[in-house]
Amino acid sequence: MNLMIVEDEPRLRQALAYNIMWESHGIDMIGTAVNGLEALKLMERKKPDLMLIDVQMPGMDGLELLRELQERGFLNRLLKIIILSGHDNFEFAQTALKHGVSRYLLKPAGEAEILEAVLEARRQLQLDLEQWRRQAALEKQWLSNLTHLQNLFLLQWAGGKMGREEILAKSKELHVPLRQEDRIAVAAVELDPFPDDGENAEIQKFTLQLLAKELLTPPTWWIAANSDMNLMMVYVISSPEAEASEALLRMNADLSQLLSRIKEMLHRTASAGLSAGAGPLERLDSLYRQACRALQERVVYGHDLVIPYRETGGESARPFTIPPNLENELEIGMETADEAKAMAALQGIWGGLVLDVESSDDFHEAVLFVHGLFTRMIHKRGWTIKQVLGDEAKYIQNVSLLSTQTQTQALLTRIVQRIVAYVREQRKANSHQVVKEVLRLLNEEMDHELTLHTVADRMYINSSYLSRLFKQEMGVAFSDYVLERKMARAKTLLQEGSKVYDAARSVGYRDVSYFTKVFRKYWGVNPGECKG
């Protein structure tokens, strides 16, 4: 427990603060104040549990401080106050007790009496805390968390691990009125993918949740949000089974209105998947799976729709084939960093694959097929998916993240662009390394005759490729660069006092007369004229 002392008399304040062994009694003395004004400032930062307050103080006395504490919301049963007064004044005492003061002590109270009064106030506070914990706190906390608890119940119910009796018992406890004969239908609702979700995605999902709960209310509708903030919506049908079809029509109308309102409010669309029909309470898990499966079909049917579940009859996704020339063109376009060629091949491949797509299974199979082409090309060059595609790699690893044809086509375009950019980066890095190695050779072996062909042979690369690469990186032809370096080195040696013969050999010339001729042509003077 923390104690604050408010006393204007310096000697008494010091005695109260430091003569009484507060710490040995489990009390931390966290601050002292000379009047009410200073005490108010300390209250904001220190938040004491116990206060020892003098009545008569300059600036703001003890009773004024009590009134101010009450106005500011500090006074409650979790703050205990002991008043010290030099006057046996009934009115003072009455006012103090009115403000919830625990004890009214008259000066000069002894240290033992003051200590006992503070310890008694602490005992009262501990009792109040315990009572608060047992009663009001738990009840308020439970009520404030009721919506969260209902959400958890609905998600657990959808997990399929509760029988009918447990469902009914738990629903009663959480004020979700269900009857044994009730039937349920289920919808799965999500915002449709949007190109620039960014930081607004979570806010928009939360808005969808709030709007759904505003429009579709208990006891007919119960709404839960999963960890991704997507909605599972349980529709309770209390009418006889013969009237269930009408209830399902109303359910469809409710959802259509919700999607319309979302479009108006957020300027983007949402879609809903519906279970095939209604079922008993214990079938929520299978009905929810149907609703989620139906929602996946928006990749085929589009956005802003309420999509009912339909049986596929056990059909499997069809195999895919593409013209070999298109696959070759895609690979060549990416390997040569020809983005236009790669994009044209991709459009031909994707257009052929999705032409006859009839279900989300067919769609995802087509996506996997194209992803396989990309993966093979990347691995063939010794790279990794993550290395080349970065944050786009998650779509290669989990095609279920793709929910529309537009979103998928945009992704495939970005993947081609990423691969082409990576090829260019690797080429640039490799080119830089090759040129760097050439420059090292020139620097270390300047006293040798170095030609483009001899350097290319030593590095096991084509001389024409090296010539083009060197000029691209350095801005000058290989032979011109070598001549420039040799002549600059020879001039420096001559100026430092070297003989013409030695300077010539140092830069790879064995014939001094030929060196002299080249030097004169490059610098306009004979080598001997440069000697220092």
Side-chain angles (χ1 to χ4, degrees), residues 1-138 140-141:
M1 295 280 181
N2 298 327
L3 170 68
M4 181 190 291
I5 295 170
V6 187
E7 167 63 58
D8 66 317
E9 188 182 335
R11 290 180 61 186
L12 180 55
R13 185 171 65 252
Q14 292 295 315
L16 290 173
Y18 302 112
N19 289 355
I20 301 175
M21 305 301 291
W22 298 114
E23 195 170 317
S24 64
H25 293 280
I27 294 174
D28 292 327
M29 206 288 296
I30 58 171
T32 62
V34 300
N35 57 35
L37 292 171
E38 192 173 308
L40 283 174
K41 291 180 182 178
L42 276 176
M43 284 291 292
E44 297 288 348
R45 294 186 289 109
K46 299 292 188 177
K47 307 291 184 186
D49 305 306
L50 307 165
M51 294 184 74
L52 190 59
I53 300 175
D54 185 17
V55 169
Q56 290 184 312
M57 296 180 292
M60 178 185 286
D61 65 26
L63 296 183
E64 289 174 323
L65 173 59
L66 289 176
R67 283 190 287 269
E68 192 65 31
L69 288 174
Q70 188 169 45
E71 285 182 15
R72 298 191 185 192
F74 288 119
L75 276 187
N76 54 57
R77 61 177 179 165
L78 301 184
L79 171 65
K80 299 300 178 185
I81 295 175
I82 298 101
I83 287 289
L84 280 173
S85 175
H87 299 282
D88 187 5
N89 187 308
F90 177 74
E91 186 180 344
F92 276 12
Q94 192 176 37
T95 304
L97 292 172
K98 178 184 174 183
H99 286 89
V101 169
S102 301
R103 189 84 174 268
Y104 191 92
L105 298 178
L106 289 173
K107 292 181 180 179
E111 291 179 0
E113 185 180 2
I114 291 171
L115 174 61
E116 177 54 36
V118 171
L119 293 178
E120 176 58 31
R122 181 179 68 177
R123 283 192 289 271
Q124 290 177 14
L125 180 54
Q126 288 168 337
L127 288 173
D128 286 348
L129 284 169
E130 181 65 18
Q131 184 181 11
W132 182 86
R133 187 187 69 81
R134 289 179 179 177
Q135 296 175 6
L138 287 179
K140 288 178 182 178
Q141 188 176 0

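Only a predicted model underlies this, so the values are computations on that prediction, with no experimental measurement involved.
Rounded to the nearest 0.5 angstrom, Met57 CE and Leu63 CG are separated by 9.0 Å. Between atom CG of residue Leu79 and atom CD of residue Gln70 there is a gap of 11.5 Å, rounded to the nearest 0.5 Å. Atom-to-atom distance recorded for Met51:CE and Ile82:CD1 is 10.0 Å, nearest 0.5 angstrom.
The two residues Gly59 and Glu64 make their nearest non-hydrogen contact at O-OE1, 4.2 Å. Of all non-hydrogen atoms in Trp22 and Ala17, the two that sit nearest each other are CD1-O, 3.6 Å. Closest of all the heavy-atom pairs between Ile53 and Gly62 is CG2-CA, 3.8 Å. The two atoms that bring Ile114 and Ala109 nearest to each other are CD1-O, 3.8 Å, heavy atoms only. Smallest separation of non-hydrogen atoms from Ala39 and Ala33: N-CB, 3.6 Å. Closest of all the heavy-atom pairs between Leu65 and Gly36 is CD1-O, 3.6 Å.
Residues satisfying the side-chain contact (heavy atoms from CB on, under 4.5 Å) test with Glu130, not counting sequence neighbours, are Arg133, Arg134.
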Expected list for residues 9-16: side-chain donor-acceptor pairs under 3.5 angstrom, two or more places apart:
unit_1 : atom_1 : unit_2 : atom_2 : d
Arg13  : NH1    : Glu7   : O      : 2.8
Arg13  : NH1    : Asp8   : O      : 3.3

Tell me which donor-acceptor pairs under 3.5 Å the side chains of residues 121-128 have, and how far apart each pair is, sequence neighbours excluded?
unit_1 : atom_1 : unit_2 : atom_2 : d
Arg122 : NH1    : His25  : O      : 2.4
Arg122 : NH2    : His25  : O      : 3.4
Arg123 : NE     : Glu120 : OE1    : 3.1
Arg123 : NH2    : Glu116 : OE2    : 2.8
Arg123 : NH2    : Glu120 : OE1    : 2.8
Asp128 : OD2    : Lys80  : NZ     : 2.7

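Pairs engaging residues 31-52 under the side chain to side chain donor-acceptor pair (under 3.5 Å) rule: none recorded [sequence neighbours left out].
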Legend entry - Pair Met43-Met4, side-chain contact (heavy atoms from CB on, under 4.5 Å): steps then yes or no: CA-CA 9 Å; Met43 284 291 292; Met4 181 190 291; 4.2 Å; yes
Legend entry - Evaluation steps, side-chain contact (heavy atoms from CB on, under 4.5 Å), between Leu40 and Leu69: CA-CA 8 Å; Leu40 283 174; Leu69 288 174; 3.8 Å; yes
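Ile20 places none of its side-chain heavy atoms less than 4.5 Å from the side chain of Ile27.
With Ile83 as the fixed residue, the side-chain contact (heavy atoms from CB on, under 4.5 Å) test singles out one of Leu66, Leu105, Asp54: Leu66.
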